[in-house]
Amino acid sequence: MKKRTLIIAISVIVILLAGYWITDRLLFDGIRPQKIDQDGIKGNFYLAQNTKNSAAILLIGGGPWGDYWGSEFAKKGFVGLSLPYTRLDGLPQLPEEIPLEYFQKALIWLSEQPKVNSDKIMVMGASRNAELALLIASYFPELVSGAIAYSPSSVSWSNTVLPFNSDELKASWTFKGENVPYIPMDKIKPGNSSTINTLDYWSGGLNQKEYVEKATIKVEKINGPILLLSGKSDEVWPSAQMAIMIEDRLKAFNLGHKVQNIQYDNAGHLISGNPDSQTEVRTGKMTIQGKQYNFRYGGTNQGDFKAKQDAKNRVLELISNV
């Protein structure tokens, strides 16, 4: 009796494993991330088995966003490296005084991969990671062939723009032990309402003319095409205004950079999300001094969805032609 029970148990396990294997084979799309933990670099590396001499994209910030795009790029024959830079073992816990050398190291590693065309490496980020992506592309033009920036910033900001960072004023980014110039900001303060107007907060920072010039990202140094994607109804920060500032700076230098400044009607800050899904989330939450407040992303569900789908097509087209 015991022998029969054992045989049945083993049979059930074998059937379950076989079912899992068959389901996995049917659903598997050929893209599994490779975990990277080398020389201090931590990330997820995406490429298809038949990829050869491909363009590659460094996805700044990693996480679900970077993993989504890394997988999508690999399905199209490109290579993606989803790269977090905080909150993992061995990485800084807070996004302040982050050395740009970390990204330089990641770019060098990416350029050395056998299936990557080292002359076709781009960086991509959204929101503050778009700020960082543009900085990286401007600091390392010998390693980067273009940049994609969703809801971008034209300047670097201090660490204090994020309420969960330390209270001491610091640079968000450093290079060779020196601060990347930034606009110094007081931490955002709540009013009497449960909703905070973050757009006014950031717009006020751009009015600090004595700091803006020094903190402006030198996008003219970027060695390749630049794609700027913003929502005209962004209520988090003035991404459309800052995209115009980026475009104007490039035009002033007249260096022949190919820049696309795409701005979407009825779209807000969340246009970098999954293009295949609609969301009804129109507000976010932030904690200030132990209390939770709302802030608005801007745009409409339909406006964001339309923008996300168009933006994805433009991203893929740009990478195909880089």
Side-chain angles (χ1 to χ4, degrees), residues 43-44 46 57-73 78 80-87 95 98 103 106 122-138 144 146-157 161-162 172-173 198-199 202 217 219 222 225-246 259-264 267-279 281-284 286 295-299 303-316 318-319:
N44 288 335
Y46 291 85
I57 304 91
L58 183 65
L59 294 152
I60 306 302
W65 176 86
D67 291 336
Y68 165 80
W69 281 107
S71 178
E72 289 298 299
F73 289 145
F78 309 127
L81 177 58
S82 175
L83 187 74
Y85 56 91
T86 60
R87 298 179 183 177
I98 301 295
F103 308 98
M122 304 190 73
V123 292
M124 176 169 156
S127 192
R128 292 221 64 210
N129 288 331
E131 169 191 332
L132 182 50
L134 291 169
L135 268 176
I136 292 166
S138 69
V144 178
I148 300 166
Y150 276 88
S151 306
S153 174
S154 56
V155 298
S156 295
W157 302 89
V161 294
L162 298 178
S172 293
W173 330 110
T198 61
L199 182 59
W202 295 98
I217 299 169
V219 289
I222 295 176
I226 301 170
L227 176 59
L228 307 172
L229 302 158
S230 59
K232 292 181 181 179
S233 300
D234 189 339
E235 291 188 55
V236 173
W237 71 357
S239 57
Q241 176 188 348
M242 291 191 287
I244 292 171
M245 292 169 67
I246 293 168
V259 57
Q260 297 180 66
N261 181 12
I262 311 301
Q263 303 195 346
Y264 296 101
H269 195 73
L270 296 181
I271 60 171
S272 63
N274 186 332
D276 303 319
S277 66
Q278 297 194 51
T279 176
V281 177
R282 308 292 351 138
T283 60
M286 69 171 68
F295 64 92
R296 291 182 290 268
Y297 290 121
D304 277 359
F305 183 60
K306 184 177 179 181
K308 288 189 295 183
Q309 291 190 311
D310 181 78
K312 181 178 181 179
N313 291 334
R314 292 178 184 272
V315 167
L316 294 173
L318 178 67
I319 297 169

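Predicted model only: the values in this text are computed from it and were never measured.
Using a 4.5 Å heavy-atom threshold, the side chains of Leu199 and Phe295 count as separate. Counting only heavy atoms from C-beta outward, the side chains of Thr279 and Phe305 never approach each other to under 4.5 Å. Using a 4.5 Å heavy-atom cutoff, the side chains of Met122 and Phe78 are not in contact. At a threshold of 4.5 Å between non-hydrogen side-chain atoms, the residues Ile319 and Ile148 count as touching.
The CD1 atom of Ile262 sits 11.0 Å away from the OH atom of Tyr150 when rounded to the nearest 0.5 Å. Here the CG-CD distance, from Leu229 to Gln263, works out to 10.0 Å after rounding to the nearest 0.5 Å. The line from CD1 of Ile136 to CG of Leu83 is 8.0 Å long, rounded to the nearest 0.5 Å. Summarising the geometry, atom CD1 belonging to Ile222 is positioned 9.0 Å from atom CG belonging to Leu135; distances are rounded to the nearest 0.5 Å. Note that OG of Ser239 is 11.5 Å distant from CH2 of Trp202, once rounded to the nearest 0.5 Å. Atoms CE and CG, from Met286 and Leu162 in turn, are 9.0 Å apart once rounded to the nearest 0.5 Å.
What you find for Ile246 and Ser153 is that their closest heavy atoms are CD1-O, 3.6 Å. Contact detail for Trp157 and Arg128: the closest heavy-atom pair is O-NH2, 3.5 Å. Nearest heavy-atom pair across Asn261 and Ala243 is OD1-CB, 3.3 Å. Counting all heavy atoms, side chain and backbone alike, Lys312 lies closest to Asp276 at NZ-OD2, 4.0 Å. Across all non-hydrogen atoms, the minimal contact from Ile226 to Val219 is CD1-O, 4.1 Å. Heavy atoms only, all atoms of each residue included: Ala147 and Ala137 are closest at CB-CB, 4.0 Å.
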Could you walk me through whether Lys306 and Asp310 pass salt bridge (Lys or Arg N to Asp or Glu O under 4.0 Å), step by step? CA-CA 6 Å; Lys306 184 177 179 181; Asp310 181 78; over 6 Å; no
Checking side chain to side chain contact (heavy atoms under 4.5 Å, CB included) for the pair Ile217/Ser154: CA distance, chi angles, key distance, verdict? CA-CA 6 Å; Ile217 299 169; Ser154 56; over 6 Å; no
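Ser71 places no side-chain N or O within 3.5 Å of a backbone atom of Tyr68 that could act as its donor or acceptor partner. Side chain of Trp237 to main chain of Ser151: a donor-acceptor pair is present (N/O by atom type, distance under 3.5 Å, no hydrogens or angles). Between the Thr198 side chain and the Val236 main chain, a donor and an acceptor come within less than 3.5 Å of each other. With Trp69 contributing its side chain and Met124 its backbone, the two residues share no donor-acceptor pair below 3.5 Å.
Under the side chain to side chain contact (heavy atoms under 4.5 Å, CB included) criterion, Ala149 pairs with Ala130, Leu134, Pro152, Leu228, not counting sequence neighbours. Applying the side chain to side chain contact (heavy atoms under 4.5 Å, CB included) criterion to Ile98, with sequence neighbours excluded, gives Tyr85, Thr86, Pro92, Phe103, Trp173. Partners of Asp234 under the salt bridge (charged side-chain N to carboxylate O under 4.0 Å, His left out) rule, at least two apart in sequence or in another chain, do not exist in this structure.
With salt bridges taken as basic N to acidic carboxylate O contacts below 4.0 Å, none links Lys308 and Asp304.
Looking only at atom types and distance, the side chain of His269 has a donor-acceptor partner in the side chain of Ser127 under 3.5 Å away. If you check the side chains of Asp67 and Tyr46, you find a donor sitting under 3.5 Å from an acceptor.
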